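Data first, discussion second: the structure below is written as structure tokens.
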There are 2 protein chains.
Amino acid sequence: MTSVLVCDDSPLAREALRRAVATVPGVERVTTAANGEEVLRRWGADRSDLILMDVRMPGLGGVETVRRLLSADPGARIIMLTVAEDLDGVALAVAAGARGYLHKDASRAELRATVTQALADPTWRLAPRRLRSSDMGAAPTLTAREIQVLEGMSHGRSNAEIGRELFLSEDTVKTHARRLFKKLGASDRAHAVALGFRWGLVR
Amino acid sequence: MTSVLVCDDSPLAREALRRAVATVPGVERVTTAANGEEVLRRWGADRSDLILMDVRMPGLGGVETVRRLLSADPGARIIMLTVAEDLDGVALAVAAGARGYLHKDASRAELRATVTQALADPTWRLAPRRLRSSDMGAAPTLTAREIQVLEGMSHGRSNAEIGRELFLSEDTVKTHARRLFKKLGASDRAHAVALGFRWGLVR
DNA sequence: GAAGCCGTAACTCTTTCGGGTGACCGTCGT
DNA sequence: ACGACGGTCACCCGAAAGAGTTACGGCTTC
């Protein structure tokens with residue numbers, strides 16, 4: 001019983017993907033999920049042989065979902081779905097263990113070919129390329145506090161203001177800032193905010 | 001001859017939307033475009049009665065495309081397509097003159113109903129709501145230079161570094177920065193970068 | 001139980017930022 | 001022709017940021 005799980009936040013894309021995948025020989029079941037949380041929630045009870053997952057999704061985001069899914073089940077086979085602008089996210093997802101990716105401009109034929117290949121060869125894996133020099137696959141796992149500080153930055157708050165909002169001293173906020181910069185590889189708060197957006201950590 | 005233009009960067013979504021719209025009574029032609037630039041390029045020669053446009057697209061982005069399209073042709077009827085997270089963008093697009101929006105979770109029925117309505121009544125317009133208090137419909141139209149500076153910021157460059165890259169003095173970069181802050185309503189560079197991402201000005 | 005990460009906080013020091021202001025030039029629109 | 005706007009540059013100044021360092025208690029993890 002070969003089953004494939006399609007995860008994309010847009011129901012239209014989801015449906016289109018579902019239909020496309022269903023035409024692949026050997027695929028008997030195609031299930032869908034609208035976000036990463038749903039995938040993780042259902043993964044315990046209902047595992048698929050292959051997952052197609054959008055990189056850019058609300059909530060967890062594709063990269064973070066891949067990371068969590070693989071830490072729970074290192075054998076999961078995942079192919080990322082992406083648009084050209086998500087290449088950083090794809091690189092991160094592949095570094096985190098996704099088997100490969102499909103550009104959303106891919107033709108139906110390419111999609112079917114890739115899915116066929118991935119299902120036929122359980123060890124199939126795209127050679128990682130274009131990975132960022134720093135943080136090669138290092139999960140930029142920010143703590144709750146660090147994300148709160150990063151969000152404060154993204155709203156234009158100063159360290160002192162963030163401190164007042166979170167009932168912390170400014171110095172503590174600066175410590176969190178320094179640590180999250182290091183984790184993200186950011187050179188300053190503007191860069192950190194940009195990386196936060198690119199990685200789907202903030203919105 | 002009633003024609004509808006569907007603009008979405010994902011070919012899958014585009015195709016799904018095209019098929020859904022084609023089933024609306026009275027619609028005789030559905031054309032598609034993959035990005036805002038394409039829409040603008042073709043708008044001179046080939047105008048449609050209604051445009052469905054994704055908010056989140058690479059390049060120009062839906063909001064900016066709406067703005068430019070309407071400044072070229074104030075009569076254009078546009079409905080935004082969105083996911084929950086784009087509400088700021090939707091608000092901006094509606095403020096800029098889009099007639100309404102469709103959530104991407106909308107059922108096929110809702111989509112058809114909205115398209116039918118928009119086509120039947122040329123004056124149909126969603127009452128703007130949830131607009132941000134500041135910048136009510138004020139177009140954050142950044143100049144090329146300002147966007148370059150903003151991009152530099154998003155890559156973690158200091159003003160001096162941006163200056164070196166663009167062959168400008170640091171003081172000039174600071175001037176561009178100050179002006180783009182004012183236009184965006186940003187309190188500092190981190191905020192500006194965040195707003196740049198939220199409005200699709202940078203990626 | 002030692003090592004490591006996290007949350008908290010303080011201190012110093014240097015660099016950078018951001019606001020204010022003024023200026024010159026070119027272009028575009030009216 | 002005038003004004004508005006954009007691109008360029010300069011100077012001043014105070015506030016903020018960021019780097020470095022230290023510290024201490026709590027909590028996992030090995």
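Quick note on labels: first sequence line is chain A, next is B, and so on, each numbered from 1. Model, not experiment: these values are computed from the prediction.
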Item to check | Evaluation steps, side chain to side chain contact (heavy atoms under 4.5 Å, CB included), between A/Leu166 and A/Val173 | outcome: CA-CA 9 Å; A/Leu166 300 179; A/Val173 174; 5.6 Å; no
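- Atom NE2 of B/His155 and atom CE of B/Met153 lie 12.5 Å apart (nearest 0.5 Å).
- Looking at residues two or more places apart in sequence or on another chain, you find no salt bridge (Lys or Arg N to Asp or Glu O under 4.0 Å) involving A/Arg41.
- Spacing between atom CZ of B/Arg164 and atom C1' of D/dC9 amounts to 17 Å, rounded to whole angstrom units.
- Within the 4.5 Å cutoff, the side chain of B/Lys183 has heavy atoms near those of the B/Thr143 side chain.
- Remark on the helix from C/dG7-D/dC24 to C/dT30-D/dA1: inter-end axis angle 60°, axes from five-pair C1' superpositions, rounded to 10°.
- Residues in residues 163-181 of chain B take part in these salt bridge (charged side-chain N to carboxylate O under 4.0 Å, His left out) pairs, two or more places apart or across chains: B/Arg157-B/Glu165.
- One finds the SG atom of A/Cys7 at 6.5 Å from the CG atom of A/Asn35 (value rounded to the nearest 0.5 Å).
- Between the P atom of D/dT8 and the CG atom of B/Leu180 lies a distance of 14 Å, rounded to the nearest Å.
- In terms of the salt bridge (Lys or Arg N to Asp or Glu O under 4.0 Å) criterion, residue partners of B/Arg29 (sequence neighbours excluded) are, by chain and number, B/Asp46.
- Taking a 4.0 Å limit (strictly below) on heavy-atom distances, residues 153-163 of chain A reaches DNA chain D at A/Ser158, A/Asn159.
- Between A/Phe181 atom CZ and D/dA19 atom C1' there is a gap of 11 Å when expressed in whole angstrom units.
- Residues from residues 169-179 of chain B that place a heavy atom under 4.0 Å from any atom of DNA chain C, listed by number: B/Lys174, B/Arg178.
- Residues forming a side-chain hydrogen bond (donor to acceptor under 3.5 Å, both in side chains) with A/Glu151 (at least two apart in sequence, or on another chain): none.
- Nearest-nucleotide positions on DNA chain D for B/Phe167 and B/Asp188 put B/Phe167 closer to the 5' end.
- Under the rule for a salt bridge (Lys or Arg N to Asp or Glu O under 4.0 Å), the partners of A/Arg47 that lie at least two apart in sequence or sit in another chain are A/Asp73.
- Atom OG1 of B/Thr31 is separated from atom CG of B/Leu5 by 4.0 Å, given to the nearest 0.5 angstrom.
- Distance check, rounded to the nearest 0.5 Å: OG1 of A/Thr32 to CD of A/Glu38 gives 7.0 Å.
- The shortest distance between the side-chain N/O atoms of B/Arg145 and the OP1/OP2 oxygens of D/dG6 is not below 4.0 Å.
- For the pair B/Val21 and B/Leu50, the minimum side-chain heavy-atom distance is 4.5 Å or more.
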Pull out every protein N or O sitting under 3.5 Å from an N or O of nucleotides 26-30 of chain D, one pair per line with the distance.
none

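- Remark: B/Arg145 engages no residue in a salt bridge (Lys or Arg N to Asp or Glu O under 4.0 Å) (not counting sequence neighbours).
- Between the CE atom of B/Met80 and the CG atom of B/Asp54 there is a distance of 7.5 Å, given to the nearest 0.5 Å.
- On the nucleic acid side, DNA chain C has its first and last nucleotide under 4.0 Å of a heavy atom of chain A at C/dC6 to C/dC11, going 5' to 3'.
- Within the structure, salt bridge (charged side-chain N to carboxylate O under 4.0 Å, His left out) pairs that include any residue of residues 186-196 of chain A do not occur (at least two apart or interchain).
- Rounded to the nearest 0.5 angstrom, B/Leu119 CG and B/Asp49 CG are separated by 6.5 Å.
- Nearest-nucleotide positions on DNA chain D place B/Leu168 closer to the 5' end than the other of A/Ser187 and B/Leu168.
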